[in-house]
2 protein chains.
Amino acid sequence: MEQRIDTCVLPNGMVLLGEPMPGVESVAFNFILPAGVARMPAGACGASNVLSDWIFRGAGPRDSRQLGDALDGLGLHRATSIGSAHVTIGAALESSNLAQALGLYTDVILHPHLRDEKFELARQLMIEELQAVEDEPRQKVMLELRKRFYPDPLGRSNMGEMDDLEGLSAERTREIAGKHLNPRETIFTVAGKYDFDAVRGQLESAFGPNEGRPLSLPEAGSRGPKYTHIRNEGAQVHIGLMTNTARFTDAGYYDARMALSVLSGGMSARLFTEVREKRGLCYAVGAKYNSLKEAAGIACYAGTTPEKAQETVDVIIGEFNRLAQGISVEEMDRARIGLKSGVILHSESSSSRAGAIGSDYYMLGRVRPLDEIKQRIEETSVESVLAFLESNPFEDFTVVTIGPKEVRVG
Amino acid sequence: MEQRIDTCVLPNGMVLLGEPMPGVESVAFNFILPAGVARMPAGACGASNVLSDWIFRGAGPRDSRQLGDALDGLGLHRATSIGSAHVTIGAALESSNLAQALGLYTDVILHPHLRDEKFELARQLMIEELQAVEDEPRQKVMLELRKRFYPDPLGRSNMGEMDDLEGLSAERTREIAGKHLNPRETIFTVAGKYDFDAVRGQLESAFGPNEGRPLSLPEAGSRGPKYTHIRNEGAQVHIGLMTNTARFTDAGYYDARMALSVLSGGMSARLFTEVREKRGLCYAVGAKYNSLKEAAGIACYAGTTPEKAQETVDVIIGEFNRLAQGISVEEMDRARIGLKSGVILHSESSSSRAGAIGSDYYMLGRVRPLDEIKQRIEETSVESVLAFLESNPFEDFTVVTIGPKEVRVG
């Protein structure tokens, strides 16, 4: 497969990246803004969320209603995501409307109205969204887990904290916007059908004159407690476990991904067969890789009955530990094809590619060609994964449970 | 856009459909099996789910473990979905492995082992999955809503019923498999990169000799109560509302979709602006179209606080009613581009297309070209939608709430 990456760094530091995809009519773009939850000042956890809503409530020449109408009038499928380092606002659409869409997003980022009365609405909605998580223990357990696993403030909840949201003012959030809607550290990505010269011209003239000040990265503090139980009277015990592993930027990254794939890459992977199939301990069990720039982990979720919760935790931790004792060539082959197949399937979606080239660039300062990813997966072996696990064992778990019954850990 | 649909009906009635997608390396396929929840005999609600798991626990020459290994060894991204009429088992993968994948799925459908000891495991997992829904009120409210809205058994829960799951035996489920894993009424679809002659040859020699008996469709009985409150002590009131509208096969289908799009097609749509933006009643509100062959509805979900629940219901129903009083040309334009843009974005994914051509064929007996869909959307107007609403008003809502507080309806 031929693959081209269009790249341009504006004089003010803003990065523009594009990946043309022949044969598609759609285009997807993201503005990756340095306004993630870990970058918010102390006491303002949730400002990222409020801000990502507030900026769409009127910008440039349009009030809130007009802006919503204009965005929908382009047939945009909008997506906003709140991460540790960034707030990403983006959309997928038919390519002929790209220039108009970029014009509206430029207003949203550079000229949002940020009016007081709209602030209150944005804040209230975020408070309600956070309250709703109380009814979603499966989601809540993973949010609580990340908070405790990552050194503070890296693992802050991407939904904010109730006390902070309640104390947040429009003035404070406007200050945060002034600092963090910052072209200097913004990455723009586009994938699908587009004309890079046109995109560059449009964004350069809009964002170029806007200098922005350098932002300091958050200083990472200490990690939270190793085990936390949050009692509720639900039907299930929701279990989250997380252990340290190689970051996206580390040499051991591909070995870590292969190890995870052997554990949880499919129906034949170990967690699934040992926890679910052989022992019938729970319906839902799976582990995912998660990497920030500063630290990375493998996060495992399982939901089970109170009676089976202890055995479920024991078996999961046992499987993580057992991995270092040996992996078969067949397991490696399946893990390898599973990972490679995922690379191919994701490469065909403009939204996926607009996301992937942005995270590659933020993490590595470059975009990995798909052939490089496939080759690096090919190069892993039983020996390389076992050597990785010897120096980076899956141990020292952070565990959170929500439900009517606690477990013992370690 | 050029678009070709490969079609073949085997002598035993099994339908094969394909849509080639130039420029992709992936392929997605579905076997759409006449084993949906509404087709299960009385007292066996949940048999579809158990069966869809059980058939993968050993088939043809492979035991359960070997089959799981073989599927993962092809890098399949598997997807199973349980619907009213069908159980769909399918996957997306790199196209070079298609023939092997189809070979494994042929075994799963025609030669599953269906051993007793594996049955118990499959059944237990489905029971636990159903128990887990007790902790997911947002999902539960919509399942309970469908049950009451559609004439029984059409709206049966696609997760089964606890009593039925507990009473289900291996023998009974094996009988059901014999009847419902039935090539005669199976639709096979493939989209992406594939060779139709090769696919047809392979499936014809595997499925062709298998005749199958004609299946009768379920007889639709009565609808459930108009309002049901399920009390829990959660933080929110979860509200589900559903009202009758044009089926996929009805002349009014595109007008119904446009009406829904005006109500809930984007940030500028009425439900969002009236319920969320102007009144701040709840964070999550949205309505979706749902069509069976026999009946169709628009299902609306909202999650809010106990204090705001009554007003939320009143405003939502008010917006549904108000639609017939007038729609602006601008609203129609936005709804139209929103729907068309969705058509384009979904047309680029092999999994989406493998799903769409199957549901088109089941509903209409043919696949709608994308240009036809776009043209039919173009042809709608304020007048056509209002005329549709006059003869098909959004009224007579079925409502279910879950939470600490009831509401009054109507």
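This one's a predicted model, so the numbers in the text were calculated from it and none came from an experiment. Chain letters run A, B, ... following the sequence lines, proteins first, then strands; residues in each count from 1. Scope of the values below: all heavy atoms of this structure, side chains included, with no hydrogens, waters or symmetry mates.
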Hey, what do you get for [atom1] ([X]) to [atom2] ([Y]), rounding to the nearest 0.5 Å?
X	Y	atom1	atom2	answer
A:Leu76	B:Arg334	CG	CZ	12.5 Å
B:Met267	A:Ser64	CE	OG	8.5 Å
B:Leu345	A:Ser349	CG	OG	9.5 Å
B:Leu370	A:Glu25	CG	CD	11.0 Å
B:Ser95	A:Ile344	OG	CD1	8.5 Å

Could you look at [X] and say if it's the side chain, the backbone, both or neither that has a heavy atom under 4.5 Å from chain B?
X	answer
A:Arg57	side chain
A:Asp135	both
A:Ala335	neither
A:Glu120	neither
A:Leu67	neither
A:Leu71	neither
A:Ile127	neither

Check: Can you find a heavy atom in the side chain of A:Asp72 that is under 4.5 Å from one in the side chain of B:Ile337?
Finding: no

Q) Got A:Leu125 and B:Arg276 here, is their nearest side-chain heavy-atom distance under 4.5 Å? A) yes

Considering all heavy atoms of both residues, which atom of [X] and which atom of [Y] are nearest to each other, and what is their separation?
X	Y	answer
B:Gly75	A:Ser341	O-OG, 2.5 Å
A:Ser268	B:Arg65	O-NH2, 4.4 Å
B:His77	A:Gly338	NE2-O, 4.0 Å

Which of the residues [options] is involved in the greatest number of heavy-atom pairs with chain B at under 4.5 angstrom?
options	result
A:Ala235, A:Gly342, A:Ala70, A:Gly68	A:Ala235
A:Ala122, A:Ala269, A:Cys282	A:Cys282
A:Ala132, A:Ser351, A:Pro22	A:Ala132
A:Gln139, A:His238, A:Glu331	A:His238

What part of [X] lies closer than 4.5 angstrom to a heavy atom of chain A: side chain, backbone, both or neither?
X	answer
B:Asn232	neither
B:Glu277	both
B:Ala284	neither
B:Ala28	neither
B:Leu281	backbone

- Verify whether one side chain among B:Ser26 and A:Glu348 offers a donor that lies under 3.5 Å from an acceptor in the other. yes

Are B:Tyr283 and A:Glu128 close enough that a side-chain donor and a side-chain acceptor fall under 3.5 Å? no

- Task: Please assess B:Asp69 against A:Glu330 for the test side chain to side chain contact (heavy atoms under 4.5 Å, CB included), listing each intermediate value before the final yes or no.
- Result: CA-CA 9 Å; B:Asp69 288 357; A:Glu330 292 74 24; over 6 Å; no

Applying salt bridge (Lys or Arg N to Asp or Glu O under 4.0 Å) to B:Asp63 and not counting sequence neighbours gives none

The salt bridge (Lys or Arg N to Asp or Glu O under 4.0 Å) partners of A:Glu134 (sequence neighbours excluded) come to A:Lys140

With chain A, the option among B:Glu233, B:Arg78, B:Met21, B:Gln131 that has the most non-hydrogen atom pairs under 4.5 Å is B:Arg78

Answer key: most heavy-atom pairs under 4.5 Å with chain A among B:Leu74, B:Leu339, B:Thr273 is B:Leu74

